[in-house]
Protein chains: 2
Amino acid sequence: MSFEYEYPRAATAVDCVVYGWGDGQLKVMLIERGNETEEGQWALPGGFLKENETVENAAKRELREETGITYVSLEQLYVFSDPNRDKREHVISIAFIALTKRVTHKVKAGTDAADAQWFPLDDLPSLAFDHDEIIKVARERLKEKARFQPIGFDLLPTEFCLRDLQPLYEAILGRKLEKRNFQKKILGMGILTNTGKKETNVAHRAAELYKFDKKKYRAKLKTGFLFSI
Amino acid sequence: MSFEYEYPRAATAVDCVVYGWGDGQLKVMLIERGNETEEGQWALPGGFLKENETVENAAKRELREETGITYVSLEQLYVFSDPNRDKREHVISIAFIALTKRVTHKVKAGTDAADAQWFPLDDLPSLAFDHDEIIKVARERLKEKARFQPIGFDLLPTEFCLRDLQPLYEAILGRKLEKRNFQKKILGMGILTNTGKKETNVAHRAAELYKFDKKKYRAKLKTGFLFSI
DNA sequence: GCAAAAGTGTTTTGAGTACACCCATGG
DNA sequence: CCATGGGTGTACTCAAAACACTTTTGC
């Protein structure tokens, strides 16, 4: 079967930069390409847009199919359209950033992917296509975004302590933060709820566990509040 | 002539939300569609991606062809990919935001455009496709972007006075600013150069003319400086 | 000289910074 | 009872906000 058009068309693909947080490091999910172009190379999860599908749905679908990852926050990152970015032909890629809480969940290689694995952001293998470029752009975006949007909570478990949050922000922003001021700022925003629970299995005073309160956050937004680190 | 592919492909288009500043108002450039789908409707300048062309170049080309606008700052806005956004078939649109200094320049309708015209942002005609949605997203982006990036200077002539800059920012941000504090903040940033020249033809004390100093701005950025209004 | 808008001084407030300290817990 | 890290108090600094004032210019 084949499809005919009056004018030439570039193929449309989606690629996802999936961030996770584990072992005190930012991580990115990569797949090892199966029986296709650039076989055996590590690459971002992604694939071609199907008929009558939004790019958002394509990204969700590919992520599920190739890595088993499902509930994540997805956001458009950038469009990469250099005619030579894919050796085969002109393929434009709509890149997405995804944030996930579950770095330890079972990752399952699927369709088109020989393997799927988390890699520390600062120790990545060589990548297929222009995916190193995509990751570079994504890294910048993550940093910018973290300054003014509460994305830290998307990378941590639902309940977390401030001792978990601070190193995460330090990793994203690439600089040290002062404990006291970080705590005052975050708690002072009034967008966290104290669960009353405490950390367990630590050899010192247990930290309190908080939850991000999306309702409070949205309400504050409407009154001109700006999250800012 | 026709083009055949193994799988179905959506068509790729680009659309530009071009902002201008004139008569104390934010304006958007629209074209009246010629001999095509939705003929006679007003729409954003844009069109289909050509073979081996980046989306950025396509946007530049369409802008030139349809409106005669050339040197502008262009930036990716968002990808609109609802399968029903175009009645004909699945067309995904890569939308761009463009800023231009020259609201009064000669606008020339060209290929595929019966007419091209500036419209005040708050008094737009009904639009083809999902272009009202695109403009809505662009409006939000402009506001966000203006908070932390010096885009105001892209909308004003190279030389301008603070009296011009302030109402522009008030229009973009949708709120009044205090004269003294605005001036202190902008000049305090150290990214403007006083040209030594003054306003002319005003019936009161002439304001000093400034230039945005891109070099100074870039240098400051490296030292951690953040533009912020 | 008067109207109009440019341009400047100054106080108050609150957030960000830096540093020092007390508290709870496991071993 | 001590090491470890959680949690708190507070002085200092500086930018943002609010408001009042002086200066320049055309008519």
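Chain letters run A, B, ... following the sequence lines, proteins first, then strands; residues in each count from 1.
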Integer-rounded Å distance: dG16(C) P and L187(A) CG
14 Å
Atom pairs and distances, side-chain donor-acceptor, residues 214-229 of chain B, under 3.5 Å, sequence neighbours left out:
| unit_1 | atom_1 | unit_2 | atom_2 | d |
| --- | --- | --- | --- | --- |
| K220(B) | NZ | M189(B) | O | 3.1 |
| T223(B) | OG1 | K220(B) | O | 2.8 |

In whole angstroms, how far is the C1' atom of dG26(D) from the CD atom of E199(B)?
13 Å
Over all strands shown, is E208(B) touching base, sugar-phosphate only, or nothing at heavy-atom distances under 4.0 angstrom?
sugar-phosphate
Nearest-Å distance for atom pair CG/P, residues L165(A) and dG6(D):
13 Å
Do other residues, nucleotides or ligands put more than 12 heavy atoms under 6.0 Å from the CZ atom of R85(B)?
yes
Whole angstroms only, please: what is the CZ-C1' distance between R147(A) and dG16(C)?
12 Å
Nearest-angstrom distance from the residue atom CD1 of I229(B) to C1' of dA15(D)
14 Å
Strictly by modelled atom types, are Q76(A) and E56(A) linked by a side-chain donor-acceptor pair under 3.5 Å?
yes
Between Q183(A) (CD) and dT8(D) (P), how many Å, whole number?
6 Å
Would you list the pairs meeting ring pair (Phe, Tyr, Trp, His ring centres under 6.0 Å) in which at least one residue belongs to residues 151-208 of chain A, sequence neighbours left out?
F153(A)-F160(A), F153(A)-F212(A)
Does CZ in R61(A) sit with more than 12 non-hydrogen atoms of other residues, nucleotides or ligands closer than 6.0 Å?
yes
Length of the line joining I186(A):CD1 and dG16(C):P, which is rounded to integer Å
11 Å
Scoring nucleotides 17-27 of chain C by protein non-hydrogen atoms under 4.0 Å (B base, S sugar-phosphate only, - none) yields BBB---BBBS-
Quickly work out the N194(A) CG to dG7(D) C1' distance and round it to whole Å.
12 Å
Kindly determine whether F80(B) and F129(B) satisfy ring pair (Phe, Tyr, Trp, His ring centres under 6.0 Å), including the steps that lead there.
CA-CA 11 Å; F80(B) 296 83; F129(B) 307 113; over 10 Å; no
